Structure formats: structure tokens, C-alpha cells
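The sequence lines fix the lettering, A, B, ..., with proteins before strands; numbering per chain opens at 1. All of these numbers come straight from a predicted model, not from anything done at the bench. Atoms considered below: every heavy atom in the structure, side chains included; atoms not considered: hydrogens, waters and symmetry mates.
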2 protein chains.
Amino acid sequence: MGNNSDEISEVIDNLRRSMKAINEYSKTAEKETGLTGPQLWAIKLVAGSAPIKVSDLARRMYLHPATVVGILDRLESKGLVQRTRSTEDRRVVEIDLTAQGRVVVSQAPEVAQGMLVKGLESLSPKKLSHVSESMRDIVRILGAEDFPPQLLFSQEVNLPLEPAKKP
Amino acid sequence: MGNNSDEISEVIDNLRRSMKAINEYSKTAEKETGLTGPQLWAIKLVAGSAPIKVSDLARRMYLHPATVVGILDRLESKGLVQRTRSTEDRRVVEIDLTAQGRVVVSQAPEVAQGMLVKGLESLSPKKLSHVSESMRDIVRILGAEDFPPQLLFSQEVNLPLEPAKKP
DNA sequence: AAAACATATTTGCAATGCAAATAATTTATT
DNA sequence: AATAAATTATTTGCATTGCAAATATGTTTT
């Protein structure tokens, strides 16, 4: 170490800045939609793969089912989601968006993701590949290769961890 | 857009993975120290610049003073910090570490930061400069250049936003 | 049929976080 | 000097997140 030290601490600062910025933008989205972060996250996940079981939703959010039940209670009381007990397996509850919920989701900004997509698209291919490689380095350093991505702008990521339903 | 799309979504995934990893490590640190994230954060800030006023601490944590008071209550009841009312300005309360608090801070792992420092140090200078530049790009994309870094391993960052005390 | 398992929920708890009100003190204004 | 205004920390009240443990109901396995 020695003269790298400034560059290193700059990288870490910038990582923290990015995290803070992403969280801030998510806070802005909260204000615009009237939903809290977890609520927004949950409703977007629902929007992406409705109908979804409570347990699956909890799995994707890495939260305890009891926590998700609370979040769903609040979303339901705002009229944004609805629960229906499955007829196939009467233990499970399927979560769906209401019409109002669809409106909210469609208007909810995806600010951080949106900015990132737009900004990254504007980079030269060379620069983009540097960024891409750098993020891989950071992920490797953090030993986070196996962390599943959490909340994405594309719908077909984040497959459920459970086996598919039976025929 | 088009064929960049995979690379872009990979960057975003990796950014999220990193954030998640950093948060997870902070959770681990919580378990080891018996302190919650905000408590650990607060006590480290105190350690870095004790004695510190409540209002300064709140400013540095970007939290409402009332919130910080609650955190300090819990740290104080664990015997890790102590409050002393300033004699110069009897409105202000100075926060200090207790001996026990110093022990906790000295043993508290800085996992995420530690791993990053170590990992970044092991990169070749060329790679490090790519990483460094890439993080600058991301910060610029997010418009986060002016976000102050929050929680650093070095003590002399994060200067208070208030004017210096008068002579 | 009984035991084991799975699913969602309820209850009870602790912590974060804010806003508004309050008490004490200092600074500014008249 | 007296009053008004501003600052500092705190208290109170509230909503939310988050978990663990217990419960109710239903399904699968033995």
C-alpha cells in the first residue's frame, strides 16, 4: 500500500455515494407514490409476476413471511393489491394487483434504475466494458458473486427459488 | 440500445449485489457486537471524533436529532457512551466513549470496508485505476458527486457542516 | 388414521425514524 | 437591560419495518 491509498478510499467513497444516491432516489419515489420502500418493492415484484404466493414473495424479498404479511396488509388496505385463496391448494394465498395498483405501479418512477440504464447506454462500448469489469471485480472482492439480484427493471429475472409447481 | 443491454443489466445487478453484500456484512457486524447498524455507525462516528455534540452527530448521520437521541439512549444504557453537558454552552451535550465503548469499537469488525481495502490493494495499478474511473462514472451517472461520504475507515473525512467554533 | 410438513396469519416485541411540542440556554433586537 | 428570537437537546406520540413463536388450516407422507 501507500500511494494507492487515495485511489482506494476514493473508490470506497464513491461506492457509498452510489448506495446513498440509490437509496435517496428510492425515497423520492416513496414520496411520489405515497408508498414506503418495502411497499413499493413488494408491489413491483407483484406487478412483475402476479399472481404470486405470499411465501414466494417473502423469498424474493429475503424477508420473513410475517413481515411480508404486514406489508401486504397495508397495501391491501390502500386498495392496491388483493388476496385470493387458491382453490388448488387452499393453504396458499395469491396476491394480485388491483386496477388502482396497476396505475400506481405504472406511474411509479424507477429513478435509480432508469438513470443507470440511460447513463450506461450513453457510455462508449469501451468505457462500458471497463465499468462492467470493474463491477465484477468489486463483487468478487466482496465475495458476492452468488447473491441473487434483488429488484430489477426487467421482469424475467429473479426466478423463484422453489421448484416449479407440479402438472 | 440492443446488445449493450446484457452488459448494462449485469452492471446494475452487480451494483445491487454489492449493496446487498455490504448490508449483509454490516448485519454480521451487528451480531458480533450486539449492536444494530445505526448504533454501530453512531458509535464509530463518536469514536472518530469524540467528544461530539448531538446535533453534529445527527448532521453526520443525516438523521433527525430525535432519532439520534433514541440511539444514544440505547448506547448509553449499554454503557458504551456517556453524555456530559458542556460547561461552555449549557445547551449542548457532548458524547464520549466509555472504556467499554472503546473496547467494543476496537473489536468491531469493519468487514465490508476491510474487505474492500484489502481487495483493492491487491489489484494491479492499471486495474485499480479502471475501477476508480468506473466508480466515478457511476457516481456521475447517478448525479451523486456532491453526496458526502458517510462512514469511512479513515477518521479525518466527513468534516462537520457547521462553521467552526468561535475563538 | 396419524404424523409430519407446509402455508399464511396473529401476537408480541424491539428498533428506526419523523414531527411536534417542550425546556433550557444563548444570541440578537429593541 | 429587557424582551424577542434562535439554538440545542429532549420528550411524547406515531407509523413502519422486522423477527420469533405460536396458531389455524390444509396437504403430504407414513
Rounded to the nearest angstrom, tell me the gap between atom CG in B/Asp73 and atom P in D/dT10.
-> 7 Å
Rounded to whole angstroms, how far apart are CG on B/Leu57 and P on C/dT16?
-> 13 Å
Is A/Leu35 close to A/Leu75 at the side-chain level, that is, under 4.5 Å between some pair of heavy atoms?
-> yes
Ignoring backbone atoms, establish whether B/Thr67 has a side-chain N or O less than 4.0 Å from OP1 or OP2 of C/dC18.
-> yes
Provide, to the nearest angstrom, the distance between the CZ atom belonging to B/Arg85 and the P atom belonging to D/dA9.
-> 8 Å
Salt bridge present between B/Lys78 and B/Asp73 (N-O < 4.0 angstrom) = no
B/Arg83 CZ to D/dT11 C1': how many Å, rounded?
-> 12 Å
5'-most contact on DNA chain D (nearest-nucleotide basis), A/Pro38 vs B/Val69, goes to B/Val69
Choosing from D/dA9, D/dT16, C/dA8, which nucleotide comes nearest the side chain of A/Arg74?
-> D/dT16
Separation of D/dA9 C1' from B/Gln82 CD (nearest whole Å) = 17 Å
Give the cluster check for B/Val81 versus B/Val92: same hydrophobic cluster or not, with ILVMFWY residues linked at side-chain heavy-atom distances below 4.5 Å.
-> no
Considering only side-chain heavy atoms of B/Leu63, which listed nucleotide, D/dT17, D/dC19, C/dG17, is closest?
-> C/dG17
Would you indicate, yes or no, if C/dT16 has its OP1 or OP2 atom less than 4.0 angstrom from a side-chain nitrogen or oxygen of B/Thr36?
-> yes
Rounded to whole Å, the OH-P distance (A/Tyr62 to D/dC19) equals 13 Å
For B/Arg60 and B/Ser49, run side chain to side chain donor-acceptor pair (under 3.5 Å): C-alpha distance rounded to whole Å, both residues' side-chain angles, the deciding distance at 0.1 Å, then the answer.
-> CA-CA 11 Å; B/Arg60 290 204 202 178; B/Ser49 22; 2.9 Å; yes
side-chain N/O B/Arg90 vs C/dT25 OP1/OP2, d < 4.0 Å = yes
Carboxylate-amine/guanidinium proximity below 4.0 Å for A/Lys127 and B/Glu133 = yes
Report the distance from atom NE2 of A/His64 to atom C1' of C/dA6, rounded to the nearest whole Å.
-> 14 Å
Considering just the side-chain nitrogens and oxygens of B/Arg91, establish if one lies under 4.0 Å of OP1 or OP2 belonging to C/dT27.
-> no
Options D/dT17, D/dG18, C/dA8, nucleotide nearest the side-chain atoms of A/Gln39 | D/dT17
Of all the nucleotides listed (D/dG26, C/dT7, C/dC18), which has the minimum atom distance to the side chain of B/Ala66?
-> C/dC18
Rounded to whole angstrom units, what separation is found between the CG atom of B/Leu72 and the C1' atom of C/dG17?
-> 14 Å
